[in-house]
Amino acid sequence: MKISSWNVNSVRARIDNVIDYLKTDKPDILFLQEIKTENVNFPTEDFKKLGYDSYVFGQKSYNGVAFLTKIKIQNIQTNLFKDELKQSRIIAGDIQLKNKKINLINIYVPNGNPVNTEKYTYKNNWLTKFLKSIKKNLTLNKNIIIAGDFNIIPDEIDVHNHEKYLNDALFKIEIRKFYRELLNYGFKDIYRFLNKDKQEYTFWDYMAGSFQKNNGMRIDHFLITDNLIENIKTIKINKKPRSKPKPSDHTPIELELN
DNA sequence: ATGGCGGTCATGGACCGA
């Protein structure tokens, strides 16, 4: 089974790219972030034609997350905790993989810049509440996959120029601590777990030829509980969608399980 | 580079992203 995660920076502006990706790479489940549309305007029919059901937690203009899936997802939840700004940043559900029930959690963490503003406070509060609800979920199910746009650069190796990011909301120690704490709960950053020294990115901004120069960062992640390590076949960052016309600034990350 | 580019929308230019 293949699960992909992709911040598409508007599902409607990116519809051709997403359809092309589904046809070429055929994920069983695609976690989408930043769909930037309300449920009613989500292109459900386009995906239905390709055999995908849509589970959408949309919002006008900003944010929004969704699952596209070929397999059944049960117990869809969008209210794991109370979002103080009522933004659509999390959708979760359960799938069955052989004898294991797996809890899938698709997230779009607030960016948090600039620091020293209410945006940064919001990110801190959001992550605090998120970790609390993950801790609770772990008491119910030891099989959890969290994926999405974390807006966290885990370590120096994960950004092209780490010196410049020390006081950035994506790389501040205070923010990276949330990520480390999740690992302490019993999750693996499965990309880094299987690629100890590899320097690859999932995001390149649109400016000044960042993609061509490979000035990027790794901020889209798959965290899986230790229970699921035996089920992992591969984890790959697929750069191809970022190289196509009219791309998202993020590229998909893909997990294969058996 | 308090900008660069690209997305949305009470379509103007503001706001947002990372």
Side-chain angles (χ1 to χ4, degrees), chain A residues 5-19 21 31-43 56-66 83-90 106-124 126-127 130 147-176 178-179 199-221 237 239 241-253:
Chain A
S5 173
W6 191 10
N7 176 325
V8 287
N9 185 17
S10 169
V11 70
R12 289 186 291 172
R14 217 66 60 211
I15 188 66
D16 293 344
N17 306 57
V18 178
I19 286 172
Y21 176 72
F31 291 24
L32 294 173
Q33 301 90 35
E34 265 202 283
I35 59 172
K36 290 188 170 178
T37 186
E38 295 169 290
N39 290 29
V40 62
N41 293 321
F42 190 84
V56 185
F57 185 33
Q59 181 184 332
K60 196 179 217 176
S61 301
Y62 306 117
N63 315 311
V65 287
D83 187 308
E84 69 194 50
L85 299 181
K86 296 187 162 56
Q87 298 187 347
S88 303
R89 296 183 172 277
I90 185 160
N106 174 5
I107 59 169
Y108 175 45
V109 178
N111 174 297
N113 277 314
V115 297
N116 304 319
T117 67
E118 67 289 344
K119 288 177 193 287
Y120 186 73
T121 310
Y122 174 56
K123 183 178 197 175
N124 249 291
W126 198 96
L127 284 167
F130 177 64
D149 178 356
F150 282 65
N151 272 319
I152 299 175
I153 301 164
D155 229 316
E156 293 181 358
I157 189 177
D158 298 307
V159 60
H160 72 284
N161 190 353
H162 62 86
E163 300 88 355
K164 278 193 179 166
Y165 286 87
L166 276 172
N167 197 36
D168 189 284
L170 278 67
F171 193 58
K172 273 177 82 78
I173 292 289
E174 186 179 27
I175 295 298
R176 290 154 69 191
F178 285 108
Y179 198 75
Q199 193 156 21
E200 285 189 305
Y201 306 130
T202 63
F203 168 89
W204 301 260
D205 70 35
Y206 290 120
M207 278 83 86
S210 294
F211 183 63
Q212 287 70 25
K213 294 179 201 156
N214 199 27
N215 292 343
M217 52 181 80
R218 191 174 73 92
I219 53 176
D220 300 87
H221 309 298
I237 293 169
K239 275 181 81 169
R242 183 64 181 82
S243 71
K244 301 220 164 160
K246 213 172 176 294
S248 167
D249 40 9
H250 295 249
T251 212
I253 177 166

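Quick note on labels: first sequence line is chain A, next is B, and so on, each numbered from 1. What you see is a predicted model; the values in this text were computed from it and never measured.
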Practice item. Pick the P atom in dC15(B) and in dG3(B), then give their distance to the nearest Å. Key: 13 Å

Exercise for review: Report which part of the nucleic acid K164(A) touches: base, sugar-phosphate, or nothing (heavy-atom distance under 4.0 Å, all strands).
Suggested key: nothing

Exercise for review: Considering only atom C1', compute the distance from dT2(B) to dG17(B) and round it to an integer number of Å.
Suggested key: 16 Å

Study note, to complete from the structure: D149(A) atom CG is separated from dG17(B) atom C1', nearest whole Å, by 10 Å

Review point. With a 4.5 Å heavy-atom cut-off, do L170(A) and K123(A) have their side chains touching?
Key: yes

Point to revise | Sub-4.0 Å heavy-atom contacts from residues 208-220 of chain A onto DNA chain B, ordered by number | key: M217(A), I219(A)

Review point. How would you list, by chain and number, every residue that makes a side-chain hydrogen bond (donor to acceptor under 3.5 Å, both in side chains) with S210(A), sequence neighbours excluded?
Key: D205(A)

Check your understanding: dG17(B) C1' sits how many Å from F150(A) CZ, rounded?
Key -> 18 Å

Practice item. Specify the separation, in whole Å, of atom CG of D168(A) and atom P of dG17(B). Key: 13 Å

Point to revise | Position toward the 5' end of DNA chain B (nearest nucleotide), M207(A) or E34(A) | key: M207(A)

Check your understanding: With distance as the sole criterion, is a donor-acceptor pair present between the side chains of K119(A) and N113(A) under 3.5 Å?
Key -> no

Practice item. Looking at every strand, decide which applies to N63(A) at a 4.0 Å heavy-atom threshold: base, sugar-phosphate, or nothing. Key: nothing

Review point. By ring pair (Phe, Tyr, Trp, His ring centres under 6.0 Å), which residues pair with F203(A), not counting sequence neighbours?
Key: H250(A)

Point to revise | Distance, rounded to the nearest Å, where I152(A) contributes CD1 and dG17(B) contributes P | key: 15 Å

Practice item. For nucleotides dG12(B) and dG7(B), find the distance between their C1' atoms and express it as a whole number of Å. Key: 15 Å

**Study point:** K246(A) side chain to A13(A) backbone, donor-acceptor under 3.5 Å
**Key:** yes

Check your understanding: Between atom CG in N113(A) and atom P in dC16(B), what is the gap in whole Å?
Key -> 13 Å

For residues 150-157 of chain A, which side-chain donor-acceptor pairs fall under 3.5 Å, sequence neighbours excluded?
| residue | atom | partner | partner atom | Å |
| --- | --- | --- | --- | --- |
| N151(A) | ND2 | V109(A) | O | 2.8 |

Practice item. Could you verify whether a donor N or O on one side chain and an acceptor N or O on the other, from N167(A) and K172(A), lie under 3.5 Å apart? Key: yes

Check your understanding: When the P atoms of dG6(B) and dA10(B) are considered, how many whole Å apart are they?
Key -> 23 Å

**Study point:** Short side-chain donor-acceptor distance under 3.5 Å, W204(A) and N215(A)
**Key:** no

**Study point:** Integer-rounded Å distance: dC16(B) C1' and L85(A) CG
**Key:** 13 Å

Check your understanding: Just how far, in rounded Å, is C1' of dG6(B) from CH2 of W204(A)?
Key -> 17 Å

Revision key, fill the gap. So CG of D149(A) and CD1 of I219(A): to nearest 0.5 Å the spacing works out to 5.0 Å

**Study point:** Which residues share a side-chain hydrogen bond (donor to acceptor under 3.5 Å, both in side chains) with N124(A), sequence neighbours left out
**Key:** none

Check your understanding: Roughly how far apart, to the nearest Å, are dG4(B) and dA14(B) at atom P?
Key -> 14 Å

Under-3.5 Å N/O pairs linking protein and nucleotides 7-14 of chain B:
| residue | atom | partner | partner atom | Å |
| --- | --- | --- | --- | --- |
| dG7(B) | OP1 | R14(A) | NH1 | 3.2 |
| dG7(B) | OP1 | K246(A) | NZ | 3.4 |
| dG7(B) | O3' | S10(A) | OG | 3.3 |
| dT8(B) | OP1 | S10(A) | OG | 2.5 |
| dT8(B) | O3' | S61(A) | OG | 3.4 |
| dA10(B) | OP2 | K60(A) | NZ | 3.3 |

Practice item. Report which part of the nucleic acid D205(A) touches: base, sugar-phosphate, or nothing (heavy-atom distance under 4.0 Å, all strands). Key: nothing

**Study point:** Nucleotide dG17(B), atom P - distance to CD1 of I153(A) in whole Å
**Key:** 16 Å

